[in-house]
There are 2 protein chains.
Amino acid sequence: MSRATVSYVLNDTPHQKIPQQTRERVLEAAQRLAYSPSPAARSLRNGRSDLVLGVLKVGPIGSVVGALLNAMSTRFGTDGLTFAVHLHSPGLRPVSDVWKAVTPAAVVVLSGLDAAEQADLQRSGTPVLVSLSPAFTPHPLLDGSGTRVVCVEYASRAAAALQVEHLVATGHRRIAVVTLTDPQVRQLAEGRLDAALEAAHEAGLPAPHVVEVADDSPQAVAAAVRTWQAEGVTGVVTYNDEVAMAVLSAARDAGLRVPEDLAVIGLDDLPAARSAQPPLTTVGLDAEALADFVGRSVAAVLAGDPDVPEEPTTGFAHLVRRASA
Amino acid sequence: MSRATVSYVLNDTPHQKIPQQTRERVLEAAQRLAYSPSPAARSLRNGRSDLVLGVLKVGPIGSVVGALLNAMSTRFGTDGLTFAVHLHSPGLRPVSDVWKAVTPAAVVVLSGLDAAEQADLQRSGTPVLVSLSPAFTPHPLLDGSGTRVVCVEYASRAAAALQVEHLVATGHRRIAVVTLTDPQVRQLAEGRLDAALEAAHEAGLPAPHVVEVADDSPQAVAAAVRTWQAEGVTGVVTYNDEVAMAVLSAARDAGLRVPEDLAVIGLDDLPAARSAQPPLTTVGLDAEALADFVGRSVAAVLAGDPDVPEEPTTGFAHLVRRASA
DNA sequence: CTGAAAGCGCTAACAT
DNA sequence: ATGTTAGCGCTTTCAG
């Protein structure tokens, strides 16, 4: 019985007919010796490890990101890959440091890589690179780099469009869009704002009021809420649930009834949205569906499939209808 | 110029005198060819990679865990190691799956490994295993396994003791401890409760009222809050800030003034604690200090140091004094 | 169907 | 001071 035989049975190599008896002997021995193959040697030989690396910039991690990470971990586990997240500190150390620690099978960029880092990544030889970053553009000169780039729209266009469509469906014509100026969330905020404006345009609405606020406190939105009465704005789409709850609070202070005088729709479906006053209508994100799509794409590329699965046309968001809109 | 020479200059191998000129030639060539060493080959040769793996069970990730992850990432980066977190689904797949994807330099257990998994880990040959899990006991039979085990107390004993000590210092003698029965947080809740009871005992207090609640809603604590008036309880220590805020809310409903009628102290120092009514006195956790300690311990073990640094006697928590106690 | 053997890229011991 | 070389543990042709 040789190493090769062992390798075959342990890896279930197809088209290799190993007699059942040998097979069992191998398995039994492996079991008895608590044998487990060396990841390092396998990676060296195979050119890649079984690790899928998520990259995220350091910063507050909330329930939305948490759900995403959970979903990815669970999903990749189902096809023999291990998902791990690396939080990188932009400016402090280059992300490329990560590639001297591991040779991942795929990298999933969740946020915060700049153009140069993207290019490095494409050059790094990682088989698949999935980006959720709204502003990510694959480096055109690096097409033949061997890295397959997959971009997925998540938590911006489809979600913001749903917000607007719901207000339109419930009869609102003059709407406001509240966005955040915090540079930490700039990319996402811009993506959502753009999508909301586009959806409004497509629905034939007059150009929405765009309100930029610095944070999600009720004070920050109070002034805007008061002007809306005069402007005839009856529905408002917010950057996220936290901003929506600030609007709810400001509306109450201004003596407006929600949703009769002002309909408010958030985004993220945070746990707190359910217990808001009134319960917040919002758009929830489908972390599992996204993880599934990403998982299938990665598996397809690693298997050498020429084309990756189609992105679901519905996006990865759904309306959560409660009382506020 | 041979591979060895190159290896020496690239790794800054000590006690190898390489002429400056050769050195520069190597560096220049590496630069020009965008050379970067293969992690797989290095891990194979060195017996370990430069990756430190955090293990966490899947589940809601809040700001406390987020801060911990951020601190760890930043800290390990400073000594050439890369930190990544793996979220594992207990029951779904064995954690040991991870060791077929990577050979980490160290594993940091943040939560949720059972006894068998602990033992597997000690057997896996990972150089260092750091555990923050309050219930973690190194497997005694596996002492010679080559895995160095370091246990750190975080977010339980020292923190809960601080809560009690603050109430004692502000003159309270009859106190209540509110703990959570949610099985997801059992270990942590038990650790905190034990420590609080012990601290009360040491301070010579009568045995505290122990209140077990199922969740952190105001309803869940309302009944207990009402009985406290009759029992003469003047101070309450809670499992965390969320429970504390529920107590605050229930106290208000019961017509109690905080802190005059009832002093409340939380744990975690969530962002929301600052804007609670009244601002919540609480115990903050020192994620950076912990990360620093863990980082130093790991570095010491990897460097072959016989003894790891002393754990700071103050623990990794500090009092955040606001208005509620 | 199974055994032998060639490397994957790197480091450290050894020889020059 | 620099070059040569033996493996680390695995997968995969290639012969038998």
Side-chain angles (χ1 to χ4, degrees), chain A residues 1-30 33-51 80-82 96-97 99-105 123-127 146 302-304, chain B residues 1-30 33-51 80 82 96-105 123-127 146 302-304:
Chain A
M1 186 158 57
S2 75
R3 312 150 56 111
T5 316
V6 174
S7 184
Y8 286 144
V9 352
L10 259 31
N11 291 335
D12 269 329
T13 309
H15 307 307
Q16 288 289 344
K17 293 134 217 292
I18 309 281
Q20 193 57 33
Q21 195 212 349
T22 315
R23 199 182 202 79
E24 275 163 15
R25 256 190 337 131
V26 170
L27 260 20
E28 187 274 332
L33 303 174
Y35 168 86
S36 94
S38 142
R42 300 188 49 177
S43 317
L44 179 56
R45 183 62 239 234
N46 296 339
R48 62 176 182 83
S49 71
D50 287 341
L51 192 79
L81 296 169
T82 297
S96 58
D97 272 16
W99 323 134
K100 51 170 239 219
V102 272
T103 316
R123 238 187 313 262
S124 75
T126 306
L302 293 183
Chain B
M1 186 160 53
S2 76
R3 314 151 55 122
T5 314
V6 173
S7 185
Y8 287 143
V9 353
L10 258 31
N11 291 335
D12 269 329
T13 309
H15 308 305
Q16 288 289 343
K17 293 132 216 295
I18 308 280
Q20 195 55 34
Q21 195 212 350
T22 314
R23 200 181 202 78
E24 274 164 16
R25 252 185 347 128
V26 170
L27 260 20
E28 186 275 333
L33 303 174
Y35 169 84
S36 95
S38 143
R42 301 189 57 203
S43 318
L44 180 56
R45 185 61 240 237
N46 296 340
R48 61 176 182 84
S49 70
D50 288 341
L51 192 78
T82 297
S96 58
D97 273 17
V98 177
W99 322 136
K100 46 171 245 221
V102 271
T103 314
R123 237 187 312 263
S124 74
T126 307
L302 293 183

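To find a chain, count down the sequence lines: A is the first, B the second, and so on, and within it residues start at 1. The structure presented is a predicted model; accordingly, all values stated were derived computationally and were not measured.
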Take the protein atom CG of B:N46 and the nucleotide atom C1' of D:dA6, then report the distance between them rounded to whole Å.
16 Å
Distance below 4.0 Å between B:R42 side-chain N/O and C:dT11 OP1 or OP2
yes
Round to a whole Å and report the spacing from CZ of A:R45 to P of D:dC10.
13 Å
List the residues meeting side chain to side chain contact (heavy atoms under 4.5 Å, CB included) with B:T103, not counting sequence neighbours, and say none if there are none.
A:P39, A:A40
Could you state the atom-to-atom distance from CG of B:L44 to P of D:dG7 in whole Å?
14 Å
Set of residues satisfying side chain to side chain contact (heavy atoms under 4.5 Å, CB included) with respect to A:R48, sequence neighbours excluded
A:D50, A:A105, A:P127, A:L302
Look up atom CG in A:L44 and atom OG in A:S49, then write down how far apart they are to the nearest 0.5 Å.
12.0 Å
Whole angstroms only, please: what is the CG-C1' distance between A:D50 and D:dT11?
13 Å
By nearest atom, which of the nucleotides D:dG9, D:dT11, C:dG9 is closest to the A:S38 side chain?
D:dG9
